[in-house]
Amino acid sequence: MNGSEEGILTVFCGIDWAERHHDVAVVDDTGTLLAKARISDDVAGYNKLLDLLAEHGDSRENPIPVAIETSRGLLVAALRAGSRKVFAINPLAASRYRDRHGVSRKKSDPGDALVLANILRTDMHAHRPLPVDSELAQAIAVLSRAQQDAVWSRQQVANQVRSLLREYYPAALHAFQGKEGGLTRADARVILTLAPTPAKAARLTLAQIRAALKRSGRTRAFDTEAERLRSVFRAEYAHHLPAVEDAFGQQLLALLKQLDALCHAADDLATATEAAFHQHADSEILLSFPGLGPQLGARVLAEIGDDRTRFADARALKSYAGSAPITRASGKKRFVGRRFVKNNRLMHAGFLWAFSALQASPGANSHYRRRREHGDWHNAAQRHLLNRFLGQLHHCMKTRQPFDEQRAFTPLALSPEASDAQT
């Protein structure tokens, strides 16, 4: 918004972004279109946008707020360089606003930019600007999300390898599937690359298997593991025709190259994520919670950020994560269920956090058991435990104190502030 002391003129900006260009609309507080433009997705386009905003009163002290349908990209980074409020409007919400101005279902990029500007003009109070996270917190978010994506991609390719092995190579599944890490283990990848078919695996000698285990990084029990693998590979199994089996082996080698690259990428990103996470001031508080290690702690920090004004209270954080239930009530009907619109990455990390805490915290385990006895299914009990943890996390971040097991799970010992944070 922008104003002067004599006559206040409030101005809003909406940007409909695309891959190659962006449409811009600027409106005043009456909804009058003051300016529109199409800018390119480069430095020249960004400068043109800033010049357009400056022509309508934009300044460092009183910047014009901007609505856009994304929270990422260089355009958003350029807009957030100062103190400007940038609102990332959900595309589904923007579509609903479009219907307010006409029912003909017409749509255009300049029209969408105008709709986004009018969203701020009429309902800015109902939307939250992007959080003002520190540079380190933003870097942790990039690394943590990239590492999580690499883990998901690794598992996807590992599932493809598993499905392929079921087609022609059951011995490999018997050899590695039951171990921690399964087919993503370094020794599994090295040995399957050495012997991509059952026939080649059956011809492996103990010396060859021991050498492969050593190359994979294994440091002990070479003889025992080599004997086990040789006995598995030389057991009786059904076989395809030799040429067909070799063709499957070529397919396996291609998948193993992808899997190997993803395993290394996930490990490298995990190392970088942990290094950045330990530099952040909030890392000690997050690591004080049971079930949170550097990786999960970094994922939680990446999604909640370090802007203390982002969540007004613990309830806002719980709603953002999706752990707080949602009520649908109309007439005599009332339904309380889980949220479907949420931060999926934070919820995924939260379920891993709650599950890990069952072994690390007697209080968390007792809370989970009480919910199960109350009638909750496993997922519902975990979600309830996560909901409680998030309330405690909000309280600890606000008061800058570490997690305390006794205060967290002993209601009579809770302070009023901590008790409010858990409700």
Side-chain angles (χ1 to χ4, degrees), residues 145-271 273 295-296 344 348-349 351-352 355-356 359 378-379:
R145 290 167 183 168
Q147 197 274 337
Q148 191 175 33
D149 288 339
V151 170
W152 288 342
S153 298
R154 180 184 66 187
Q155 189 58 50
Q156 185 179 33
V157 176
N159 289 341
Q160 295 179 32
V161 172
R162 177 181 178 275
S163 297
L164 179 62
L165 293 176
R166 286 178 58 86
E167 291 286 330
Y168 82 107
Y169 200 168
L173 294 178
H174 295 161
F176 302 111
Q177 195 67 25
K179 290 182 169 290
E180 182 180 356
L183 296 171
T184 63
R185 293 168 56 90
D187 53 354
R189 304 196 310 271
V190 170
I191 290 177
L192 288 178
T193 302
L194 178 65
T197 64
K200 291 182 179 179
R203 292 195 296 268
L204 290 176
T205 65
L206 285 176
Q208 289 175 319
I209 297 176
R210 281 196 295 266
L213 292 174
K214 187 174 182 180
R215 288 198 304 274
S216 70
R218 192 181 182 94
T219 58
R220 59 182 181 179
F222 292 106
D223 294 335
T224 303
E225 183 65 7
E227 288 282 359
R228 185 188 72 84
L229 290 174
R230 188 177 70 164
S231 64
V232 171
F233 290 147
R234 294 189 176 184
E236 292 291 334
Y237 299 98
H239 287 268
H240 283 282
L241 295 174
V244 176
E245 190 173 274
D246 289 340
F248 276 122
Q250 292 297 322
Q251 183 181 359
L252 176 62
L253 289 174
L255 285 175
L256 287 174
K257 289 180 180 179
Q258 299 179 45
L259 181 61
D260 197 55
L262 287 169
C263 288
H264 287 300
D267 292 341
D268 292 344
L269 286 168
T271 301
T273 301
Q295 284 299 315
L296 275 183
N344 291 323
H348 182 272
F351 266 102
L352 294 176
F355 184 76
S356 301
Q359 298 295 327
H378 170 70
N379 283 350

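Reckoned from all heavy atoms, side chains included, excluding hydrogens, waters and symmetry mates. Treat the numbers as computed from the prediction; the structure is a model and nothing was measured.
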Side chain of H240, backbone of E167: donor and acceptor closer than 3.5 Å?
yes
Quick one: does any side-chain atom of N159 pair with a main-chain N or O of Q155 as donor and acceptor, under 3.5 Å?
yes
Show the nearest heavy-atom pair for residues A172 and L165, with the distance to one decimal.
CB-CD1, 3.9 Å
With side chains defined as the heavy atoms from C-beta onward, is the minimum distance between F248 and Q251 less than 4.5 Å?
yes
Rounded to the nearest 0.5 angstrom, the CZ-CG distance for F222 and L206 is 13.5 Å
Using modelled atom types and a 3.5 Å cut-off, is there a donor and acceptor pairing between side-chain atoms of S231 and backbone atoms of R228?
yes
Any side-chain to backbone donor/acceptor pair from S216 onto L213? Under 3.5 Å, distance only.
yes
Heavy-atom closest pair, residues A171 and F233
CB-CD2, 4.1 Å
Does Q177 CD have over 12 foreign heavy atoms under 6.0 Å away?
yes
Once rounded to the nearest 0.5 Å, what's the spacing between atom CD of E225 and atom CD1 of I191?
7.0 Å
Just by distance, with hydrogens left out, do D246 and Q250 show a side-chain donor and acceptor under 3.5 Å apart?
no
Could you list the residues that satisfy ring-ring contact (aromatic ring centres under 6.0 Å, His included) with F176, not counting sequence neighbours?
none
Closest non-hydrogen contact found for L253 with T193 is CD2-O, 3.8 Å
For A150 against L269, the heavy-atom pair lying closest together:
CB-CD1, 4.2 Å
Show, in sequence, the C-alpha distance, side-chain angles and deciding distance for D267 and T271, and conclude whether the side chain to side chain contact (heavy atoms under 4.5 Å, CB included) test is met.
CA-CA 6 Å; D267 292 341; T271 301; 5.6 Å; no
Set of ring-ring contact (aromatic ring centres under 6.0 Å, His included) partners for Y237, sequence neighbours left out
H174
Nearest non-hydrogen partners of A195 and K200, listed with the distance
CB-C, 3.9 Å
Side-chain heavy atoms of R210 within contact of K214, under 4.5 Å
no
Residues, nucleotides or ligands: over 12 heavy atoms within 6.0 Å of K257 NZ
no
To check you understand the geometry: which heavy-atom pair defines the closest contact between T197 and E245, and what is its length?
CG2-O, 3.5 Å
Side chains of Q148 and V151 in contact at under 4.5 Å (non-hydrogen atoms):
no
If we ignore hydrogens and angles and just use 3.5 Å, is the side chain of R189 paired with the main-chain N or O of T184 as donor and acceptor?
yes
Between L194 and I209, is any pair of side-chain heavy atoms under 4.5 Å apart?
no
Could you tell me the separation between the OH atom of Y168 and the CG atom of L252, rounded to the nearest 0.5 Å?
4.0 Å
When rounded to the nearest 0.5 angstrom, what distance separates CZ in R185 from NZ in K179?
5.5 Å
Within a reach of under 6.0 Å around CZ of R234, are more than 12 heavy atoms found that belong to other residues, nucleotides or ligands?
yes
With L183 as reference, evaluate V157, L255, L173 under the side chain to side chain contact (heavy atoms under 4.5 Å, CB included) test and give the passing residue.
L173
Check whether any side-chain heavy atom of L204 lies under 4.5 Å from a side-chain heavy atom of L229, and answer yes or no.
no
To the nearest 0.5 Å, atom NE2 of H348 lies from atom CG of L296 at 9.0 Å
Nearest 0.5 Å please: distance from the CG atom of D149 over to the CZ atom of R154.
12.5 Å
